[in-house]
> 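Following this message is one structure expressed as C-alpha cells.
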Amino acid sequence: MLLGTQRVNERNHLEIGGCDAVELAAEFGTPLYVVDEALIRQNCLAYKQAFQREYGDSAVAYAGKAFIVRAVCALMAKLDMWLDVASAGELYTALKGNFPPQRMLFHGNYKTQQELQMAVDHGVGYVVVDSFVELDQLSATAQAAGRVQPILIRCNPGVDPHTHRLISTGKEDSKFGFNIKDGSAMAAVKRALELPGVDLQGIHCHIGSQLLDLTPYTEAAPVMTSFLKQIRDETGVELPVLDMGGGLGIRYLEEHHPPTIDELAKSLSAALLDGIAKAGLTKPRLFVEPGRSIVGEAGTTLYTVGPVKEVSIPEPPGKRVYVSVDGGLSDNPRPALYDALYSALVANKAGDEPKFDYTVSGRHCETDMLIPHIKLPRVETGDILAVQSTGAYNYSMASNYNRFTRPAVVFVYDGKADLVVRRETLDDLLKCDLLPDRLA
Ligand code: LLP
C-alpha cells in the first residue's frame, strides 16, 4: 500500500514527498516521524471544497489533538483552516505557531480556570462548553474581563458509532457534553441564554473516531437539527452555528476502505439539509472538526531494525520471527491502547515482494508489539522499517517511557525535508528534574 506522495524510486527505496526515506533516516536518525505535507494540504482542500459544494456556508476546523506542533498550526493558518484546541498547551502551541485565536475552538470536559481565562484573554472564536459548572465559570470570567465570550454547547446525541469503545464519545453514557434526550442540553441552552458573559452561537457534537461507516453521522444529523428546532420553538432563538465534530476513519491496512472526504460531505450534508428543511430552519453555518483524516495517512515512522530473532512458539506450534525496532510504545502507544493495526514497508527494499511472516516489536520493557503479524520482504538488522499511517495520535500521544527520547519530526514537501521538531536529547529528559539538597 502506498499513500499520498509515497512511491518506490529507482533505487528500490521508499520515497515520500520527493525525499528518499533511507536518506532521511541517515540524515535525521531514527525513529523519525516523516510527514507528507502535500497530503495534508490536499486533505484540507478536499474538506473545504467538498463541504462548500455539498452544504454551502461551512468551515473546517482541524482537530489539533491528532498532531499539534507549531509547524502544523502555521500550515493550518496558511490554509485558512479553523483549529480545535483542547488544552492550554495546545492553545499555546497554536499561538506560537501564528494561528489566529479568532479561528480556534476550545474543547474539553474539564477546562481549568487558567484555560478559560486564556481563551477569553486571547479572544478564542468559540469555547465549546461541556458542563454547567463551566458555563457559570466562563460567564463570570468573561464578565470580569469586560468581554462576552461566544460559545457552542456540546451535546450528546446518543448515537453509537460502532468503533473502539475507548474512542466512542457520543453515546448516552459518556462524560462528554449534555445529553439531548434527558433534557440537560436544553437546560444548558436556556442557562447560556440567561448568562451575561457568554454569547450562545450554536451546538456541537462529536460521536467518535476512526469511523469506517457513515451511518453514525446520518443518525446524528437529524438529532441535531431537531434539537435546533426545539431550541427555536422553546426559546425563540435560531442558533447560527452547527458543529458536527470529527471522526472520519483512515486507511491503516490495505483492506481498510474508509469513506472518502467527498462521500462524508455528501451524506452528512444531505442528512443535515433534509433536517433543516423539515424543521423550517435558517441554514446554520456548518463546522466539521477532522483530525485523523487530515494528518493520519500523511505520517510514516521510520525505524532501524535491530535484532531479528526466530523463536519457537507452542500455540499454534511453529516459529515466530520477531523484528525489533528502535522505538515502540513510547512513539506509538496505539497498538497497546486500542489493538490498533498498522502496515509497514521495508524502506530500503520497498519494491520487493512481501513473502515472509514477521512480528514487529519495540524495544521497551514490555511485550510492546507494534505489528503482531505482517508479511514483508526478508528483513535484516540495519534495514529501515517504515510504519505507515502514523500521522495521527502518535507524536501527540508519545511519552518518555523507559526514558526514551522522543523522535524528531520532519516535513517533506516537493523534494525538501524540513526538521519541524528536533529529537529530544538526554538533557531534555532531565530539564524538569530537581534534586533536593538532602539527596544531592
Ligand atoms: N472533535 C472533538 C471534540 C474530538 O474529541 C475529536 C477527537 C475530534 C474532533 C477529532 O476526531 P478525529 O477526526 O481525529 O477522529 N487517541 C485516539 C483518538 C481519540 C479521539 C479523541 N477526539 C486514537 O488514537 O485513536
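Side chains are part of it too, since the values below use all heavy atoms of this structure and drop only hydrogens, waters and symmetry mates. First listed ligand is number 1; within each ligand, the first listed atom is number 1.
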> Does only the side chain of L337 get under 4.0 Å from ligand 1, or the backbone, or both, or neither? Count heavy atoms.
neither
> Closer than 4.0 Å to some heavy atom of R154 - which atoms of ligand 1 meet that?
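What qualifies from ligand 1 is 3 (C).
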> Should the pair R103 and F99 be classed as cation-pi, given the thresholds of under 6.0 Å to the six-membered ring centre and 45° from the axis?
yes
> Decide whether a cation-pi geometry holds between R232 and F227; the criteria are a distance under 6.0 Å from NZ or CZ to the six-membered ring centre and an angle within 45° of the ring axis.
no
> Counting only heavy atoms closer than 4.0 Å, does ligand 1 sit against the backbone of Y338, its side chain, both, or neither?
side chain
> Is any N or O atom of R292, backbone or side chain, closer than 3.5 Å to an N or O atom of ligand 1?
yes
> Does the side chain of D36 come under 3.5 Å of the side chain of T5 through a donor N or O and an acceptor N or O?
yes
> Can you find a side-chain donor-acceptor pair between D331 and Y303 that sits under 3.5 Å?
yes
> Measure the spacing between CE of M76 and CE of M104 and express it to the nearest 0.5 Å.
13.0 Å
> Heavy-atom contacts with M397 under 4.0 Å: which atoms of ligand 1 show up? List them by number with element.
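Contacts of ligand 1 toward M397, numbered from 1: 16 (N), 24 (O).
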> Go through ligand 1 atom by atom and flag the ones less than 4.0 Å from a non-hydrogen atom of D84.
1 (N), 2 (C), 9 (C)
> Under a 4.0 angstrom heavy-atom cut-off, which atoms of ligand 1 come close to P290?
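So the atoms of ligand 1 that pass are 13 (O).
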> Checking Q113 against Q137: is there a side-chain donor and acceptor pair closer than 3.5 Å?
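Checked: Q137/Q113 side chains pair up, N/O donor to acceptor below 3.5 Å.
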> Which atoms from ligand 1 have a heavy atom of G246 less than 4.0 Å away?
9 (C), 13 (O)
> Just distances here: any N/O of A63 and N/O of ligand 1 closer than 3.5 Å?
no
> Under 3.5 Å, N or O to N or O, is G247 touching ligand 1 that way?
yes
> For E289, which part has a heavy atom under 4.0 Å from ligand 1: side chain, backbone, both, or neither?
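Both backbone and side chain.
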> Looking at Y55, does the NZ or CZ of K266 lie under 6.0 angstrom from its six-membered ring centre and within 45 degrees of the ring axis?
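So K266 doesn't make the cation-pi contact.
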> Please check if any side-chain donor atom of E424 sits under 3.5 Å from a side-chain acceptor atom of N400, or the reverse.
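There is such a pair between these side chains.
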> Among H204, K65, R334, which one has a heavy atom closest to atom 2 (C) of ligand 1?
K65
